[in-house]
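This report refers to the structure that appears directly beneath it.
As a basis for the values below, the full set of heavy atoms in this structure was taken, side chains included, without hydrogen atoms, waters or symmetry mates.
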Amino acid sequence: KVADIAHHGYSTDLELFDLNPTVEDLEGVLVYLRAHPEVPFAVDIETPYPDEPLEEGAEPLPDASWQINSVAYCVGVVGALTVPWVAPFVEIAAQINALPNEKYTWNGRDFDGPRLAKAGAPLAAKHIDLMEAWMALYPGLPVALKPNRLGAAAPFACRRARWKHLAHVQPEYYACVDVAVTQQLAVHILGEMEELGAMPAFTQDQEVREVLALLTHNGMSIDAERQVELRERLLMEQAALEERIQHEVPIEVKPLHPKQGYKKPNKTLVAKIAAAPDAYIQRTVGEEQRWFYVKPFNPGSPKQLQAYMRHMHHPVPKDIKTDKDTVGAVFLKRMAKQFARNGGHVYQTVLDYKAMQKITSTYTQGDYVPGPDGLVHPSFFFQDMGRIGTDKPNLQNIPKREGLEYATAIRRCFVAPKGCVFLEFDYSGIEALLVVWLAGDGDYIRLAKLGVHTFVAARRAGIRVDLSLPDEQLRGLLG
């Protein structure tokens, strides 16, 4: 493409853009596509974005991207039109989106699709997100080389001059180019997939994503009352742990304010000292006695934890890789045992406090708090190894009952709707099982059911496992 542009320059590809179509023009597109369900088309929406960054401390603005300004369609390779998102165009656009024709978008799974659905004009199947197709076509590329923006992928499919800078000056032209490039990318990406024989796998991938989108829509039911009760209980436990830390940490370690102290306490400070004498301390600075306010010890501060270690004459741990001082959980656990009779209990209390803080912030607020419908709606995605992951919230990271004191209480917040039951499954060892399925090896399939990881470890250790043994005996050896 670079050589082609260098020799021949950019090309407008005989653009046929209708920048100011009438209602009859859009109805003509609807009539044509309805009469030709085999003809695919591209669709793209334009939404507003904040022009100015927020000032520090300012409240975040509502997500303006859910307000649709316009919608554009491209039928064929270069013909495109764009219409404002107002009546009666909206009603016609909804009918076009509902057609069975194949539809192309760029990042439509996460952006255009949800916004059109919320606006009452969802994209009916078959919808192909070309950004997903691009990632599937070049899965081995480093993340930095995987264009996630339309303008970055465009040069691979067409000889078009840059246009992204025209969004505000020529919005109609910009919208038409966007949707036309999307259509051209469809021809390029899907054509290469056909040549490589990758279309069946990608089609299956798209079918799975449709199911995952339905799971996101259906959501997970949360018992809000149980969640609130759990949060209150956790906050009480957290407060008790913090109080214990403040009691156990000597005052010499706690930070003081201000740095140089108060020379002569005024009436207000005298009143504060009288009301809370334990919160203030006198220290000599030079030849003067000064008053300092004793701030609470912060268990989340590595600097303050290291100060406690030095005060107690405990060696500050070093990170093996960086050779820098560290207060990582592994080292704190070790020091809690090593110095159990000499202030080591503080490290365990700090670990308990941090664990409680993490549980509270993770499972009782933010993305885990249900919306007005009583549900959370996680996003589903494919991880690098092909596993399905969830995000906002991560429903695949719920604590196990036997691994955490509050795990059962956390799990009780997730409730099945009336008439439904929960099904739980685990990916444990799934990659090995996929190899079994792909290999079609009888012995491997048998071992996968009995304990393939232990078998591999035994082979690596030079221990022979007799595969002629009955299943029960092998299970006993490999279990």
Counting only pairs under 3.5 Å, give me each side-chain donor-acceptor contact of residues 251-268, with atom names and distances, residues two or more places apart or in other chains.
residue	atom	partner	partner atom	Å
Lys254	NZ	Gln246	O	2.8
Asn266	OD1	Thr268	N	3.2
Asn266	OD1	Leu269	N	2.8

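- The shortest side-chain heavy-atom distance between Asp112 and Val43 does not fall under the 4.5 Å cut-off.
- Under the 3.5 Å distance criterion, the side-chain polar atoms of Asn97 are matched with a main-chain donor or acceptor of Ala121.
- Residues meeting the salt bridge (Lys or Arg N to Asp or Glu O under 4.0 Å) test with Glu229, sequence neighbours left out: none.
- Considering only heavy atoms from C-beta on, Glu232 stays 4.5 Å or farther from Leu235 through its side chain.
- Remark: Phe202 pairs with no residue by the ring-ring contact (aromatic ring centres under 6.0 Å, His included) rule, at least two apart or across chains.
- Note: Met131 CE to Asp110 CG = 6.5 Å, rounded to the nearest 0.5 Å.
- Residues Arg109 and Gln206 meet the side-chain proximity criterion, which asks for heavy atoms closer than 4.5 Å.
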Could you give the side-chain donor-acceptor pairs of residues 364-380 under 3.5 Å, partners two or more places apart or in another chain?
residue	atom	partner	partner atom	Å
Thr364	OG1	Arg231	NH1	3.3
Thr364	OG1	Thr360	O	2.4
Gln365	OE1	Arg231	NH1	2.7
Gln365	OE1	Arg231	NH2	3.4
Tyr368	OH	Asn394	O	2.5
Asp373	OD1	Leu375	N	3.0
Asp373	OD2	His377	NE2	2.7
His377	ND1	Thr216	O	2.7
His377	ND1	His217	O	3.2

Could you give the side-chain donor-acceptor pairs of residues 272-283 under 3.5 Å, partners two or more places apart or in another chain?
none

### Task
Kindly indicate, with the supporting measurements, whether the criterion side chain to side chain donor-acceptor pair (under 3.5 Å) is fulfilled by Tyr174 and Lys164.
CA-CA 7 Å; Tyr174 169 88; Lys164 284 295 184 178; 3.3 Å; yes
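- Geometrically, Arg290 does not engage Phe292 in a cation-pi contact defined by less than 6.0 Å to the ring centre and at most 45° from the axis.
- The CD atom of Gln357 sits 11.0 Å away from atom CD1 of Ile359, with the distance rounded to the nearest 0.5 Å.
- The CD atom of Glu242 sits 15.0 Å away from atom NE2 of His247, with the distance rounded to the nearest 0.5 Å.
- For the atom pair CD1 (Ile128) and CG (Leu123), the distance works out to 12.0 Å, reported to the nearest 0.5 Å.
- Under the ring-ring contact (aromatic ring centres under 6.0 Å, His included) criterion, His127 pairs with no residue, sequence neighbours left out.
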### Task
Please step through side chain to side chain contact (heavy atoms under 4.5 Å, CB included) for the pair Thr105 and Phe111, ending with a clear verdict.
CA-CA 9 Å; Thr105 63; Phe111 193 85; over 6 Å; no
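- Between the CG atom in Leu130 and the CG atom in Asn107 there is a gap of 11.0 Å [rounded to 0.5 Å].
- Remark: the backbone N or O of Arg226 is not paired with any side-chain donor or acceptor of Arg412 at under 3.5 angstrom.
- Of all the heavy atoms in Val350 and Pro299, the pair that sits closest is CG1-O, 3.7 Å.
- Legend: residues meeting salt bridge (Lys or Arg N to Asp or Glu O under 4.0 Å) with Asp443, ordered by chain and number and at least two apart, are absent.
- Between Thr349 and Ile245 there is a side-chain heavy-atom pair separated by less than 4.5 Å.
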### Task
Might you work through the side chain to side chain contact (heavy atoms under 4.5 Å, CB included) test for Tyr104 and Leu185, ending with a clear yes or no?
CA-CA 9 Å; Tyr104 305 135; Leu185 278 168; over 6 Å; no
### Message
Using the rule given for side chain to side chain donor-acceptor pair (under 3.5 Å), can you reason through Glu46 versus Ser70, listing the C-alpha separation, both sets of side-chain angles and the distance that settles it, and then say yes or no?
### Response
CA-CA 5 Å; Glu46 301 301 333; Ser70 63; 5.7 Å; no
Pairs of donor and acceptor atoms involving the side chains of residues 317-326, under 3.5 Å and at least two apart or interchain, shall be tabulated with distances.
residue	atom	partner	partner atom	Å
Lys318	NZ	Asp325	OD1	3.1
Asp319	OD1	Lys321	N	2.8
Asp319	OD1	Thr322	N	3.1
Thr322	OG1	Lys324	N	3.3
Asp325	OD2	Arg310	NH2	3.2
Thr326	OG1	Gly328	N	3.2

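- The two residues Thr390 and Gln396 have their closest heavy-atom pair at N-OE1, 3.0 Å.
- Residues satisfying the side chain to side chain donor-acceptor pair (under 3.5 Å) test with Gln348, not counting sequence neighbours, are Asp352.
- In this structure, CZ on Phe381 lies 10.5 Å from CD1 on Ile388, to the nearest 0.5 angstrom.
- Neither side chain, Arg115 nor Thr47, offers a donor N or O lying under 3.5 Å from an acceptor on the other.
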What side-chain donor-acceptor pairs closer than 3.5 Å can you find for residues 302-309, not counting sequence neighbours?
residue	atom	partner	partner atom	Å
Gln304	OE1	Asn298	N	2.8
Tyr308	OH	Gly343	O	2.8

### Message
Is there a side chain to side chain donor-acceptor pair (under 3.5 Å) between Trp106 and Asp178? Walk through the geometry before answering.
### Response
CA-CA 9 Å; Trp106 186 268; Asp178 254 12; over 6 Å; no
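- Between the side chain of Gln227 and the main chain of Tyr363, a donor-acceptor pair closer than 3.5 Å is present.
- Put simply, the side chain of His314 gets close to the backbone of Asn342: a donor and an acceptor are under 3.5 Å apart.
- Lys118 is linked by a salt bridge (Lys or Arg N to Asp or Glu O under 4.0 Å) to nothing, counting only residues two or more places apart in sequence or in another chain.
- For the pair Phe339 and Met312, the minimum side-chain heavy-atom distance is 4.5 Å or more.
- Listed by chain and number, the residues in a salt bridge (Lys or Arg N to Asp or Glu O under 4.0 Å) with Glu207 amount to none (sequence neighbours excluded).
- Comment: Arg209 does not engage Asp129 in a salt bridge, judged by the lack of any side-chain N to carboxylate O separation of less than 4.0 angstrom.
- Nearest heavy atoms, Gly108 versus Pro114: O-CD, 3.6 Å.
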